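For clarity, every value in this text was computed on a predicted model and none was experimentally measured. Start at 1 with the first residue, then count along the sequence.
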Amino acid sequence: MADNDADRGRTKGMSLDELREEIEEIDRDLVELIARRTYVADTIAEVKAERDLPTTDEGQEQRVMDRAGENAEQFEVDSNLVKAIFRLLIELNKVHQRDNR
């Protein structure tokens with residue numbers, strides 16, 4: 001919650017162009033984080049393949065979804081939206097893992 005308040009205070013006096021630049025920077029950061037997450041997921045897939053483990057781990061997926069919902073609430077973001085994004089990330093990683101096995 002405090003992070004959102006700090007962000008609001010920091011961006012309050014910014015011009016439209018400055019705000020758009022801020023969004024552009026955040027978008028780059030998001031893509032970088034997705035790339036990092038994908039790299040780690042690929043590494044997990046390699047470990048699963050070496051150990052002959054299934055691609056899907058429903059318990060782990062549920063933990064990821066629960067954590068996403070908790071984080072969304074902490075930052076006052078719509079929990080359903082965040083969970084939908086994480087469902088998409090999980091599905092993309094699973095498809096990628098299956099294709100590379």
I'd like to know if [Y] and [X] are part of one continuous hydrophobic network [Ile/Leu/Val/Met/Phe/Trp/Tyr, side-chain heavy atoms within less than 4.5 Å].
{"X": "Leu92", "Y": "Met65", "result": "no"}
{"X": "Val77", "Y": "Phe86", "result": "yes"}
{"X": "Tyr39", "Y": "Ile44", "result": "yes"}

A side-chain contact here means heavy atoms from C-beta on lying under 4.5 Å apart; do [X] and [Y] qualify?
{"X": "Arg37", "Y": "Leu33", "answer": "no"}
{"X": "Asp27", "Y": "Leu30", "answer": "yes"}
{"X": "Ile90", "Y": "Val64", "answer": "yes"}

So Arg28 and Glu24, salt bridge (Lys or Arg N to Asp or Glu O under 4.0 Å) or not? Walk me through it. CA-CA 6 Å; Arg28 275 192 303 275; Glu24 194 175 313; 3.3 Å; yes

Taking Lys48 for the side chain and Leu53 for the main chain, is one N or O donor matched with an acceptor at less than 3.5 Å? no

Measure the spacing between [atom1] of [X] and [atom2] of [Y] and express it to the nearest 0.5 Å.
{"X": "Glu21", "Y": "Leu16", "atom1": "CD", "atom2": "CG", "result": "10.5 Å"}
{"X": "Glu91", "Y": "Thr56", "atom1": "CD", "atom2": "OG1", "result": "7.5 Å"}
{"X": "Asn80", "Y": "Ile85", "atom1": "CG", "atom2": "CD1", "result": "11.5 Å"}

Where Gly69 and Ser79 come nearest, the two heavy atoms and their spacing: CA-OG, 3.6 Å

Write down the atom of Val82, the atom of Ala68, and the distance for their closest heavy-atom approach. CG1-O, 3.6 Å

Side-chain ion pair, Arg67 and Glu70, N-O less than 4.0 Å: no

Around atom CD of Gln62, are there more than 12 heavy atoms from other residues, nucleotides or ligands closer than 6.0 Å? yes

Verify the neighbour count for atom CZ of Arg20: are there more than 12 heavy atoms of other residues, nucleotides or ligands below 6.0 Å? no

